[in-house]
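Have a look at the structure below, then the notes.
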Amino acid sequence: MDHSSNLTTERPTFVTHLECSATGERYEADQLHGLSDAGKPLLVRYDLDGISGAIDKETLAARPPDMWRYREFLPVRSVEHIVSLGEVMTPLVSLPDTEARLGATSVIAKDESRLPTASFKARGLGMAVTMANELGVKRLAMPTNGNAGAALGAYGSRVGMEVYVFCPADTPEVNVREIALQGAQVWRVNGLINDCGKIVGAGKEEMGWFDFSTLKEPYRIEGKKTMGLELAEQLDWDLPDVIFYPTGGGTGIIGMWKAFNELEAMGWISHKPRMVAVQADGCAPIVKAYDDGADHAELWENASTVAAGIRVPAAIGDFLILEAVRDSGGFAIAISDDAIEQAQVTAAQRDGLLMSPEGAATLAGYEKALREGLVDKKDRVVLFNCGHGLKYPMPAADRALDHTQSIDFAALAAAASTDA
Ligand SMILES: *Cc1c(COP(=O)(O)O)cnc(C)c1O
């Protein structure tokens, strides 16, 4: 196999137009777009029969294992515009101890931390920067809780774009430094991500920025869609019963649901999973809207959680998240930071998988859903570990030894056993 063929072979594309997610109004493809005239996200539409005619599952399976193998499902027209940093197909990691502990049939983590910049933001921003590259954008700006800014910094720098990033002052330190090291101009803002977003909105005319805020450009969803296509393919086109997804701006849950609907329309899958939006007790606008039976979420005041990536007090795609959750027969669930931290420790120490707090939130959400009877032990479950645990502050480990003194091994063993 030629391992670069996805990045060198020209393949047919099938975008027909873009569509307002709220009104259905049509917009032309191959032009720069932000939100629709109604102020809502735009969705990319394809000639699905055309895709069906151009590829089949066997052809796909023979391609190199990266997100660009799904080219016919993606918007980029010319292969030379693809901006790639070595995106991998992320592994499905089983959690056997978790299964045994909970009496569950199948619990799998899709470990998105293996992607460039160590989070699944690489999929969305890789695709969005690719399209910005194709459409001639040179200067862009975004608000971020960390990982999106890092991915934008990396992919933007790769093609010489000027990138401005605004993050809450208490964004994990590693993220802020990573963004700067990747060549973006980064500022810490004394507010939350929506306050950062207002700075982008206020400055875009004067600064000539293209606004890369979540869902304010149409292509990030298409990148995140590859998560759903990839999961389907990895499971031999037999999707799990339930997906637990840590939900912030919602690009991933919206993108996966879009993938599943496109695959279903093409006759490639016969059943779709229940989609579960997991949020933290300290920032749960989608859960509240779900519980209230509302179509839109209200701004969450004083948002706070250790899971920085899902600290999103207001999401412009709230109605699309709620639609995916409801149409799939899923639900929205909130868990405490204590439960998140406990789940992180359990997965790391018993299943060997170091999850980010957001990833751990999906495990905690699954356990809570089991307790509440919202899912069954027999359900095949996929959890999303969306970012790398090493990007977050970790519990201290400060035992020390003096090698010039004789070591008291009995004391060492005793300390180890109190830990276990
Ligand atoms: C961005 C992010 C999320 C939330 O993803 P959305 O698709 O925007 O809802 C969750 N976890 C991590 C680590 C993130 O970086």
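Heavy atoms only: backbone and side chains are in, while hydrogens, waters and symmetry mates are out. Both ligands and their constituent atoms are indexed starting at 1 by order of listing. Owing to the predicted nature of the structure, the values given are computational and were not obtained by experimental measurement.
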[X] and [Y] ion-paired at < 4.0 Å:
X: Glu10; Y: Arg71; result: yes
X: Glu367; Y: Arg101; result: yes
X: Glu173; Y: Arg188; result: yes
X: Asp111; Y: Arg114; result: yes

Considering the heavy atoms of [X], write down every atom of ligand 1 situated less than 4.0 Å from one of them.
X: Asn147; result: 13 (C), 14 (C), 15 (O)
X: Ile310; result: 10 (C)
X: Gly252; result: 7 (O)
X: Pro246; result: 4 (C), 5 (O), 9 (O), 10 (C)
X: Tyr392; result: 13 (C)
X: Tyr245; result: 5 (O), 6 (P), 7 (O), 9 (O)
X: Gly249; result: 6 (P), 8 (O), 9 (O)

Using heavy atoms and a 4.0 Å limit, tell me yes or no: is [X] in contact with ligand 1?
X: Phe384; answer: no
X: Thr214; answer: no
X: Lys391; answer: no
X: Gly250; answer: yes

The one among Ala307, Gly359, Gly146, Gly309 that brings a heavy atom closest to atom 3 (C) of ligand 1: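 Nearest heavy atom to atom 3 (C) of ligand 1 lies in Gly309.
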The option among Gln279, Glu112, Arg123, Lys121 carrying the non-hydrogen atom nearest to atom 1 (C) of ligand 1 is Lys121
Taking atom 11 (N) of ligand 1 as the reference point, the nearest protein heavy atom with its distance: Cys386 SG, 3.1 Å
Do His17 and Arg45 have side-chain N/O donor and acceptor atoms under 3.5 Å apart?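 There is no such pair (donor and acceptor under 3.5 Å, judged by atom type) between the side chains of His17 and Arg45.
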Checking Tyr70 against Glu72: is there a side-chain donor and acceptor pair closer than 3.5 Å? no
Would you name the heavy atoms of Asp97 and Arg350 that are closest together and state the gap between them?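 Closest approach of Asp97 to Arg350, heavy atoms only: OD2-NE, 2.8 Å.
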4.5 Å side-chain heavy-atom contact, Leu263 and Trp237: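 Yes, at least one pair of side-chain atoms sits under 4.5 Å.
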Are Ile333 and Tyr290 packed together at the side-chain level, in the sense that at least one heavy-atom pair is separated by less than 4.5 angstrom?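 The answer is no, as the side chains (C-beta and beyond) never meet within the 4.5 Å cut-off.
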Look only at interatomic distance and state if [X] has a nitrogen or oxygen under 3.5 Å from any nitrogen or oxygen of ligand 1.
X: Thr247; value: no
X: Glu358; value: no
X: Gly248; value: yes

Ring centroid separation for Phe14 and Tyr46, is it under 6.0 angstrom? no
Looking at Tyr219, I'd like to know if the NZ or CZ of Lys224 sits under 6.0 Å from its six-membered ring centre while staying within 45 degrees of the ring's axis. no
